[in-house]
Amino acid sequence: MADRVDTQFVGAPETVVERLRVLRDATGADELLVTTIAHDHADRVRSYELLAEAWDRAEAGRTA
């Protein structure tokens, strides 16, 4: 159970992206499964959009 708590990331998109990148790098994962807990479908979609945009910005910054 502790490993699940350690990989639950909450915060601004940039915060979540940074923690996901650390997790990816520490585990060597080539993909991550992301679940957002929001009851409203539109809120869930927007959460994923915000995360995707922040991820793209972060990755673009790494290759620049």
Side-chain angles (χ1 to χ4, degrees):
M1 188 71 166
D3 64 328
R4 290 183 184 95
V5 172
D6 291 341
T7 59
Q8 292 179 5
F9 307 138
V10 178
E14 293 77 13
T15 301
V16 174
V17 163
E18 182 55 33
R19 295 196 60 196
L20 286 171
R21 287 173 66 183
V22 169
L23 177 64
R24 178 198 61 191
D25 294 347
T27 62
D30 60 358
E31 67 179 295
L32 300 168
L33 175 72
V34 176
T35 303
T36 191
I37 301 172
H39 178 72
D40 184 72
H41 177 72
D43 291 341
R44 266 193 318 277
V45 169
R46 186 62 184 142
S47 175
Y48 292 130
E49 289 172 344
L50 292 169
L51 183 58
E53 291 165 5
W55 185 272
D56 287 345
R57 283 191 305 273
E59 290 299 301
R62 289 182 71 177
T63 61

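- The side-chain heavy atoms of Arg21 and Trp55, taken from C-beta on, include a pair separated by under 4.5 Å.
- Hydrophobic clustering (side-chain heavy atoms under 4.5 Å, transitive across Ile, Leu, Val, Met, Phe, Trp, Tyr) keeps Val16 apart from Leu50.
- Hydrophobic clustering, with ILVMFWY side chains joined whenever heavy atoms are under 4.5 angstrom apart, keeps Val22 apart from Leu32.
- For the pair Leu20 and Leu51, the minimum side-chain heavy-atom distance is below 4.5 Å.
- No continuous path of ILVMFWY side-chain contacts below 4.5 Å connects Val45 to Val34, so the two sit in separate hydrophobic clusters.
- The backbone N or O of Ile37 sits nowhere less than 3.5 Å from a side-chain atom of Arg44 that would complete a donor-acceptor pair.
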